[in-house]
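Just below is one structure, and these are the notes that go with it.
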Amino acid sequence: MTAAVSTVGDYLWANVLPHHRPIYGFAHGAILFLTVGFCLGIDAGKPLAGAIGGVVIGLAATCGFYLLQPFIGYAGLFVMFVALWVALGLLSGRALQRRDSMRAVLVRSTLAAIGSGLGFYAISGIWFPFNPHGWDYAKHFVYWTLAYLPGFAALLVNPRQR
């Protein structure tokens, strides 16, 4: 579901939305992380709580980026990316699942940030060359799935349930 929302987002950013307008960044963060939170909430049997938590996290991360960007440039993305995965770890492991200690949340969040960060880096060339009418959006969907998979796996896989 998250990969589908990201793929639609790629299409909209490339073909419909004007660039460099913060309102669209906030809308993108809210919708994308509503979906992420919803998916985390489904696993816990609390999809609405997950969706609400996801929106709050997505908006906070977007706000954090726009506040940091004038000072540290696009490096703010990396700072907020890690903060985002820590917040998602707290949402999943403490608020929704109520299963993880703070240590476990930090370990899971760190693994999620590293794994998903590597996944995002691996797919980062999907927008180049910039030719949105020639992009293969099915390929984007597969790539987004691969990018999000390590993060979701780190937060959701529970070896104690085996």
Side-chain angles (χ1 to χ4, degrees), residues 1-72 74-102 104-117 119-120 123-124 126-127 137 140-141 143-158:
M1 184 182 300
T2 304
V5 170
S6 290
T7 302
V8 169
D10 284 349
Y11 174 80
L12 292 174
W13 278 112
N15 297 294
V16 178
L17 300 174
H19 295 259
H20 306 293
R21 297 240 175 107
I23 189 67
Y24 296 116
F26 279 99
H28 177 81
I31 293 167
L32 180 59
F33 285 94
L34 176 139
T35 306
V36 170
F38 180 80
C39 291
L40 293 173
I42 286 174
D43 186 62
K46 301 173 183 173
L48 182 59
I52 292 167
V55 166
V56 170
I57 291 167
L59 290 175
T62 304
C63 185
F65 167 71
Y66 283 116
L67 289 173
L68 288 175
Q69 199 268 337
F71 302 104
I72 61 175
Y74 281 97
L77 281 174
F78 300 108
V79 172
M80 294 317 302
F81 186 83
V82 172
L84 178 100
W85 282 106
V86 170
L88 290 173
L90 287 167
L91 175 66
S92 178
R94 298 288 289 190
L96 298 173
Q97 300 277 352
R98 298 184 192 270
R99 68 160 188 244
D100 290 339
S101 66
M102 283 304 293
V105 165
L106 292 175
V107 168
R108 285 175 178 272
S109 298
T110 300
L111 291 172
I114 291 169
S116 194
F120 278 81
I123 71 153
S124 64
I126 64 175
W127 303 287
Y137 288 101
H140 278 226
F141 176 81
Y143 283 4
W144 282 120
T145 299
L146 295 173
Y148 284 111
L149 185 62
F152 277 107
L155 297 183
L156 295 176
V157 171
N158 189 359

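For Tyr66, the ring-ring contact (aromatic ring centres under 6.0 Å, His included) criterion is met by Phe26, not counting sequence neighbours. With sequence neighbours left out, the side chain to side chain contact (heavy atoms under 4.5 Å, CB included) criterion links Tyr11 to Asn15, Val16, Tyr137. Evaluation of the side chain to side chain donor-acceptor pair (under 3.5 Å) rule for Ser6 yields Tyr148 as partners, not counting sequence neighbours. Taking the side chain to side chain contact (heavy atoms under 4.5 Å, CB included) definition, one finds that Leu77 meets it with Phe65, Tyr74, sequence neighbours left out. Contacts of Ala60 classified as side chain to side chain contact (heavy atoms under 4.5 Å, CB included), with partners at least two apart in sequence or in another chain: none. Shown here are the side chain to side chain contact (heavy atoms under 4.5 Å, CB included) partners of Ala154, two or more places apart in sequence or in another chain: Leu111, Ala112. Phe152 is linked by a ring-ring contact (aromatic ring centres under 6.0 Å, His included) to nothing, counting only residues two or more places apart in sequence or in another chain.
Of the possible donor and acceptor atoms, none in the side chain of Ser116 sits under 3.5 Å from a partner among the backbone N and O of Gly119. For Ser109 (side chain) and Val105 (main-chain N/O), a donor-acceptor pair under 3.5 Å exists by modelled atom type.
Closest approach of Ala147 and Pro150 over heavy atoms only: O-CD, 3.4 Å. Shortest non-hydrogen contact noted between Ala30 and Leu59 is CB-CD2, 3.8 Å. For the residue pair Gly37 and Leu91, the shortest heavy atom distance occurs at CA-CD2, 4.4 Å. Across Ser92 and Leu156, no two heavy atoms sit closer than the pair OG-CD2, 3.9 Å. Heavy atoms only, all atoms of each residue included: His140 and Asp10 are closest at ND1-OD2, 2.7 Å. Residues Leu67 and Pro70 come closest through the heavy atom pair O-CD, 3.4 Å.
The distance from atom CG of Leu17 to atom CD1 of Ile23, rounded to the nearest 0.5 Å, is 11.5 Å. Atoms CH2 and CD1, from Trp144 and Ile126 in turn, are 5.0 Å apart once rounded to the nearest 0.5 Å. Atom OH of Tyr143 is separated from atom OG1 of Thr7 by 12.0 Å, given to the nearest 0.5 angstrom. Between the OG1 atom of Thr62 and the CZ atom of Phe33 there is a distance of 7.5 Å, given to the nearest 0.5 Å. The line from CE of Met80 to CD1 of Ile57 is 10.5 Å long, rounded to the nearest 0.5 Å. Note that CH2 of Trp85 and CG of Leu90 are 13.0 Å apart. Values are rounded to the nearest 0.5 Å.
Listed by first then second residue, pairs satisfying side chain to side chain donor-acceptor pair (under 3.5 Å) with a partner in residues 30-39 number zero, not counting sequence neighbours.
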For residues 39-52, which side-chain donor-acceptor pairs fall under 3.5 Å, sequence neighbours excluded?
| residue | atom | partner | partner atom | Å |
| --- | --- | --- | --- | --- |
| Asp43 | OD2 | Gln97 | NE2 | 2.7 |
| Lys46 | NZ | Leu96 | O | 3.1 |

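In summary, of the residues considered (Thr145, Leu149, Val36), a side chain to side chain contact (heavy atoms under 4.5 Å, CB included) with Thr2 occurs for Val36 alone.
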